[in-house]
Amino acid sequence: MTESHRTVALIVAAGSGSRAGGAVPKQYAIVAGKPLIAHAYHAFAAHPAVDEVVVVIADGAEALAEAALGLVRTVVGGATRRESVALGLAAIDADYVLVHDAARPFVPAGVIDRVLAALDGAEAAMPVLAVADTLVRDGAVVPRDGLSRVQTPQGFRVDALRAAHAGWPAGEEATDDAQMVRRLGGSVALVQGDAMLDKVTHPDDFAAAEARVTWETRSASGFDVHRLEAGEELWLGGVLIPHDKGLSGHSDADVGLHALTDALLGTIAAGDIGTHFPPSDPQWKGADSAQFLQHAASLIAAKGGRIDFVDLTLICEAPKIGPHREAMRARIGALLGLGDDRVSIKATTTERLGFTGRGEGIAAQAVATVSLPR
C-alpha cells in the first residue's frame, strides 16, 4: 500500500510584477478571461493529490487576492522570494510541499504527478526542459549539452526544505529552492517539465500565454414563449417597440433576451433562467431582462470563458422585426460586449398557423457559442 502524504501547494505571489507593466501586479492581470494567479490556483486545487493550496501575497494585497481568488488561505510574504517561501513554510502543516511561482499560470496535472512521484526517492524534485536554442556568452557559443531550463512547481519533503532555509547564509539570495536543498547536500530529482509552464515576465509574454491556452468550444440553445396582451409594453431584444399589444410575463417578458439567456446558461450547464430568477420571487416583477442576460454572461466570464457568437430567431406575425433589427443587434452587442458581426437576429412567421400565427404570442429560439479554457 502506498504511503499517504499530506501535500500543500504554496503559490508565491508576493512580488511586485513591475517588469510586466500594467496597472496591477502581473499575478492579478487578466489572462484567458481570469486573473493570472487564478489559473495556477485552480489547477492545484483540482488535483487529487493536493490537500491544500496556500497563497503567499504582498503586504496590502489582500483585496487584490480576494478579488482574484475569493476567500482562500493567504500568508503575507517578505521582501524577497526566499523570505516569502520561508514565511509560507512556517504557516503550513504538511509532509510534502509544492512551491510554485504565480507567474507560471498553466500547471499541467502530469507535471504535478511527476514531481510528487519523484519525492519517493529524493528530498526535492523539479521540472526541467532541455535548452533547445544555441547559447552565446561574450560572443562565444556555449555548449548546450546537459543544460536545462528550471521550472516550477518544485516539490520538497517539508523537513528538508525547512532545514535548507534555516541553514542558508544570511543576506545571500537563491534563484530557487531546489538550489538551497542541493547546497546542503540534499538529493534533487529532475523530471520532465512542460512548455505550458513558461513564465510571464514581460508585457509581450501575456500574448504568448493567451496563445498557450487550450480552448473548448460549446454551443447551446434556448427557447421561450410569451403571450401578447393589450395594455403591456412590447420589449424585444432589449428594445421597446411600438405596438398595440405587449408581452405578458413576470419580468418585462422580453422573449428574445430570455431565449438568449437560456442559451448562454446552457453552455456552462447552469440550469435555466427560472433557476436563477424564479418567477415566484416578487423582486423580478417587471424587471429589465437585460440583467438576466448579463448575469448569464458573468457566469461564463467567471469560468474564464468568452462569448463568441449569439443567434436569435424571433417567431411572430407582428410586429415586423426588420425595422428594429439593427437596434436589437446593437443593444445585445452592448450587453454582451460583442461586435455587430457576432450578433445575428432573424425573424420568421408560422404562416398564420398556431398561436404565433393567430397573433396570440411571440416565440424565440436562440443559439449561443462560447469558448472555455480547458
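Positions are given from 1 along the sequence.
- Linking ILVMFWY residues whenever their side-chain heavy atoms come closer than 4.5 Å, directly or via other members, leaves V158 and L116 in distinct clusters.
- Annotation: side chain of V107 is not in contact with side chain of H47 (no heavy-atom distance under 4.5 Å).
- Checking side-chain atoms of T350 against main-chain N and O of L353 turns up a donor-acceptor pair under 3.5 Å.
- The backbone N or O of I268 sits nowhere less than 3.5 Å from a side-chain atom of K303 that would complete a donor-acceptor pair.
- Hydrophobic cluster membership differs between V55 and V99, with clusters built from Ile, Leu, Val, Met, Phe, Trp and Tyr side chains linked at under 4.5 angstrom.
- Applying the side chain to side chain contact (heavy atoms under 4.5 Å, CB included) rule to A29 yields the partners F206; only residues at least two apart in sequence or on another chain are considered.
- Hydrophobic clustering of Ile, Leu, Val, Met, Phe, Trp and Tyr side chains at less than 4.5 Å, counting indirect connections, keeps L89 apart from F44.
- Taken from OG1 in T261 to CG in L299, the straight-line distance is 10.5 Å, to the nearest 0.5 Å.
- Although no hydrogens or angles enter the test, the distance criterion places a donor-acceptor pair under 3.5 Å between the side chain of R325 and the main chain of I345.
- Side-chain contact between L36 and Y28 is absent, with no heavy atoms from C-beta onward closer than 4.5 Å.
- Between F355 and V225, the closest side-chain pair of non-hydrogen atoms falls below 4.5 Å.
- Nearest heavy atom pair, residue A118 against residue V191, reads CB-CG1, 3.8 Å.
- Comment: E52 engages R6 in a salt bridge, judged by a side-chain N to carboxylate O separation of less than 4.0 angstrom.
- Atom CZ of R227 is surrounded by 12 or fewer heavy atoms from other residues, nucleotides or ligands within 6.0 Å.
- Put simply, the side chain of L64 does not reach to within 4.5 Å of the side chain of P35, judged on heavy atoms.
- Without hydrogens or angle criteria, E360 side chain to R358 main chain gives no donor-acceptor distance under 3.5 Å.
- No side-chain donor-acceptor contact under 3.5 Å links H202 to the backbone of D204.
- Nearest heavy-atom pair across L264 and A296 is CB-CB, 3.9 Å.
- Here CG of L247 is found 5.0 Å from CG of L228. Values are rounded to the nearest 0.5 Å.
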Requested in this report: Please step through side-chain contact (heavy atoms from CB on, under 4.5 Å) for the pair W284 and Q291, ending with a clear verdict.
Outcome: CA-CA 10 Å; W284 308 123; Q291 64 186 302; 3.5 Å; yes
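- Side chain of S187 to backbone of E123: a donor-acceptor contact under 3.5 angstrom is found.
- In this structure, the side chains of T7 and V97 stay at 4.5 Å or more apart for every pair of heavy atoms.
- Applying the salt bridge (Lys or Arg N to Asp or Glu O under 4.0 Å) criterion to R157, with sequence neighbours excluded, gives no partner residue.
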Query raised in the report: Could you go step by step and tell me if F223 and D272 meet the side-chain contact (heavy atoms from CB on, under 4.5 Å) rule?
Result: CA-CA 10 Å; F223 181 81; D272 56 32; over 6 Å; no
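- S289 and D252 are linked by a side-chain donor-acceptor pair at a separation below 3.5 angstrom, with hydrogens and angles left out of the test.
- Distance alone, capped at 3.5 Å, places no donor-acceptor pair between the R114 side chain and the A109 backbone.
- Distance alone, capped at 3.5 Å, is enough to place a donor-acceptor pair between the H250 side chain and the P279 backbone.
- Nearest heavy-atom pair across I273 and D262 is N-OD1, 2.6 Å.
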Pair up each side-chain donor or acceptor in residues 361-373 with any protein partner under 3.5 Å, not counting sequence neighbours, and list the distances.
unit_1: T369; atom_1: OG1; unit_2: S219; atom_2: OG; d: 3.0
unit_1: S371; atom_1: OG; unit_2: D308; atom_2: OD2; d: 2.5

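- When side chains are defined from C-beta on, R183 counts as touching P169, because their heavy atoms get closer than 4.5 Å.
- The side-chain heavy atoms of V54 and V8, taken from C-beta on, include a pair separated by under 4.5 Å.
- Note on ring orientation: taking the six-membered ring where Trp is involved, the planes of Y96 and H5 are parallel (angle under 30°, cut-offs 30° and 60°).
- A salt bridge links E216 with R218: the distance from a Lys NZ or Arg NE/NH1/NH2 to an Asp or Glu carboxylate oxygen falls below 4.0 Å.
- Aromatic pair F292/H276: centroids not less than 6.0 angstrom apart.
- Note on L190: it does not cluster hydrophobically with V115, by side-chain heavy-atom contacts below 4.5 Å among ILVMFWY residues.
- Heavy-atom minimum distance, S84 versus G78: OG-N, 3.0 Å.
- Ion pairing between D177 and R82 fails under the 4.0 Å rule for side-chain N and carboxylate O.
- Here CD1 of I241 is found 4.5 Å from CG of L236. Values are rounded to the nearest 0.5 Å.
- No side-chain donor-acceptor contact under 3.5 Å links Q27 to the backbone of A102.
- Atom NE2 of residue H258 and atom CG of residue L293 lie 9.5 Å apart, to the nearest 0.5 angstrom.
- Note that CD of Q192 is 8.5 Å distant from CD of Q151, once rounded to the nearest 0.5 Å.
- With salt bridges taken as basic N to acidic carboxylate O contacts below 4.0 Å, one links D101 and R104.
- Residues D198 and R149 share a closest heavy-atom pair of OD1-NH1, 3.2 Å.
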Check: residues 310-320 side-chain donor-acceptor pairs under 3.5 Å, at least two apart:
unit_1: D311; atom_1: OD1; unit_2: S344; atom_2: OG; d: 2.7
unit_1: D311; atom_1: OD1; unit_2: K346; atom_2: NZ; d: 2.7
unit_1: D311; atom_1: OD2; unit_2: K346; atom_2: NZ; d: 2.7
unit_1: T313; atom_1: OG1; unit_2: K346; atom_2: NZ; d: 3.3
unit_1: E317; atom_1: OE2; unit_2: R352; atom_2: N; d: 2.9

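- D95 has its side chain out of reach of F156: every pair of non-hydrogen atoms, C-beta onward, lies at least 4.5 Å apart.
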Requested in this report: Give the C-alpha distance, both sets of side-chain angles, the deciding distance and a yes or no for side-chain contact (heavy atoms from CB on, under 4.5 Å) between I11 and V56.
Outcome: CA-CA 6 Å; I11 301 178; V56 184; over 6 Å; no
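- The side chain to side chain contact (heavy atoms under 4.5 Å, CB included) test applied to Q283 returns D281, not counting sequence neighbours.
- Remark: D176 engages M126, V150, Q154, A178, Q179 in a side chain to side chain contact (heavy atoms under 4.5 Å, CB included) (not counting sequence neighbours).
- Hydrophobic clustering, with ILVMFWY side chains joined whenever heavy atoms are under 4.5 angstrom apart, keeps L10 apart from V53.
- Across all their heavy atoms, G359 and K245 have their closest contact at O-NZ, 4.2 Å.
- Note: E326 CD to R331 CZ = 16.0 Å, rounded to the nearest 0.5 Å.
- The aromatic ring centres of H295 and F277 sit less than 6.0 Å apart.
- A side-chain donor-acceptor contact under 3.5 Å links D254 to the backbone of G237.
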Requested in this report: Just do the side-chain contact (heavy atoms from CB on, under 4.5 Å) check on L69 and I37 with the steps written out, would you?
Outcome: CA-CA 8 Å; L69 301 171; I37 191 174; 4.1 Å; yes
